[in-house]
Amino acid sequence: MDWDDVKVFLAVARAGSLGGAARALGQSQPTMGRRLKAFEARLGQPLLQRGAEGFVPTDLGERVLAHAERMEEEALGFERQLAGDGEALEGLVRVSSSDWFGLHVLAPVLASFRRLHPGVCVELVTDARLFNLSRREADLVFRIRPFEGADVVQRRLMSLDYALYGPPGQPAPAWGDGAGLDLVTLDTAFAEMPDVQWLARVLPRAQVAMRSNNREVQAALCAAGCGWAVLPRLLGDRHPDLVPAEVPAGGTVEPPPGRDVFVGYHRDLRRLGRLQRLLAHVVETLAPVTMPAVKPSRESA
């Protein structure tokens, strides 16, 4: 059995569509369709069937899926072991972070690393979704949620302060009320985020005017006068058309909650020289004061 055919089956089963599977594997949609059809023809039985919501496994496909996932786990483990023994400071390191963090925090650090180690190519992917380290969707991940399980080596990198921002010249918000105030906030999928909950507490009568899962978009909407927005200070303080609202000291209104940034990588890559050198450079630049270590964990996103 050709492992590449199994990867196609897995990708389509997970994505539910040929297009999503093609994006995951970096191939064209027609190619994915031809390869899946040829694979099923060689097996003599269909593994997937097209339903109202896309491709779903047949009864046989459901049973095969478990075996295919175990094959994938072993193949990826083999790849990680080979990659993890690389000591040379050359080759690719895949890095993932949120959009604004990648632009405003990581990009300058990665640029300085490149000047020190021109043989290493860093691929930075900014995305709101949580990349899977076990599948090597990324080698080094920065995120505001701790990792879970025993397969990920992680640490707290830094703490982020947040503030409420608006265009210059706007009157200060009426803390504890917010009547007549427009807000720009995260979309409904992130309704449980601490800053969204904080806005509901301190400005309960304010109206949500705009939503976005992208902090850069929130900042742009806020600067355009669409409403006030809670933003990381590393983003908001650098925006020329935004000013932070002053929270009265000693009052009943607490400032927006901060967040910790965690960085993690799969334990199989702990001997990968270029990754470790990059991580050391990031830590030296962004977290010169040592923060408490976090136990290794299994990345499950």
With side chains defined as the heavy atoms from C-beta onward, is the minimum distance between Arg155 and Val283 less than 4.5 Å? yes
Note: Leu242 and Pro168 closest approach over all heavy atoms is N-CD, 4.4 Å
Has Glu137 got a side-chain atom pairing as donor or acceptor with Ser96's backbone, closer than 3.5 angstrom? no
When you compare the side chain of Ser97 with that of Leu124, does any pair of heavy atoms fall below 4.5 Å? yes
Contacts of type side-chain contact (heavy atoms from CB on, under 4.5 Å), residue Ala11, not counting sequence neighbours: Ala21, Leu25, Met32
Output yes when a side-chain donor or acceptor of Trp3 lies under 3.5 Å from a complementary backbone atom of Met71, and no otherwise. no
Correct closest heavy-atom pair for Leu157 and Ala287 would be O-CB, 2.8 Å
If the condition is ring-ring contact (aromatic ring centres under 6.0 Å, His included), which residues does Tyr162 pass it with, not counting sequence neighbours? none
Using only atom types and a distance under 3.5 Å, with no angle test, would you say the side chain of Arg201 pairs donor to acceptor with the backbone of Pro204? no
Show which side-chain atoms of residues 103-118 pair as donor or acceptor with protein atoms under 3.5 Å away, not counting sequence neighbours.
residue: His104; atom: NE2; partner: Glu216; partner atom: OE2; Å: 2.4
residue: Ser112; atom: OG; partner: Val109; partner atom: O; Å: 2.7
residue: Ser112; atom: OG; partner: His281; partner atom: NE2; Å: 2.7
residue: Arg114; atom: NH1; partner: Pro118; partner atom: O; Å: 2.4
residue: Arg114; atom: NH1; partner: Val120; partner atom: O; Å: 3.3
residue: Arg114; atom: NH2; partner: Pro118; partner atom: O; Å: 3.4

Looking at Arg270, is its backbone amide N or carbonyl O close enough to the side chain of Gln276 to form a donor-acceptor pair, meaning the two atoms are under 3.5 Å apart? yes
From the list Leu279, Leu278, Val141, side-chain contact (heavy atoms from CB on, under 4.5 Å) partner of Val95 resolves to Leu278
Taking every heavy atom of Ala219 against every heavy atom of Leu235, the minimum-distance pair comes out as CB-CD2, 4.4 Å
Among pairs that include at least one residue of residues 55-66, which meet salt bridge (Lys or Arg N to Asp or Glu O under 4.0 Å), considering only residues two or more places apart or in two chains? none
Measuring only between side-chain heavy atoms, which start at C-beta, is Met158 closer than 4.5 Å to Leu234? yes
Which residue in the set Val153, Asp151, Leu272 passes side-chain contact (heavy atoms from CB on, under 4.5 Å) when paired with His266? Asp151
Other residues, nucleotides and ligands only: do more than 12 of their heavy atoms fall within 6.0 Å of CD on Glu246? no
Going from CD1 on Ile144 to CG on Asp260, what distance comes out if it is rounded to the nearest 0.5 angstrom? 10.0 Å
Would you find a donor on one side and an acceptor on the other, under 3.5 Å apart, between the side chain of Gln29 and the backbone of Ala22? no
Heavy-atom pair of closest approach, residues Gly227 and Cys222: O-SG, 3.2 Å
Return the CG to CG distance between Leu199 and Leu164, rounded to the nearest 0.5 Å. 6.5 Å
By the salt bridge (Lys or Arg N to Asp or Glu O under 4.0 Å) test, which pairs, at least two apart or in different chains, include something from residues 227-236? Arg233-Asp237
To the nearest 0.5 angstrom, please state how far the CG atom of Leu92 sits from the CG atom of Leu275. 10.5 Å
Tell me which pairs pass side-chain hydrogen bond (donor to acceptor under 3.5 Å, both in side chains) where either residue lies in residues 185-196, with sequence neighbours left out. Asp195-Arg215
Between Val208 and Val196, is there a shared hydrophobic cluster once you connect ILVMFWY residues whose side-chain heavy atoms come closer than 4.5 Å? no
Heavy-atom pair of closest approach, residues Phe39 and Asp5: CD1-CB, 3.6 Å
To the nearest 0.5 Å, what is the distance between CG on Leu203 and CH2 on Trp198? 6.0 Å
Does any N or O in the side chain of Asp139 come within less than 3.5 Å of the main-chain N or O of Arg94, such that one atom is a donor and the other an acceptor? yes
Check whether any side-chain N or O of Ser212 sits under 3.5 Å from a backbone N or O of Gln218 as a donor-acceptor pair, and report yes or no. no
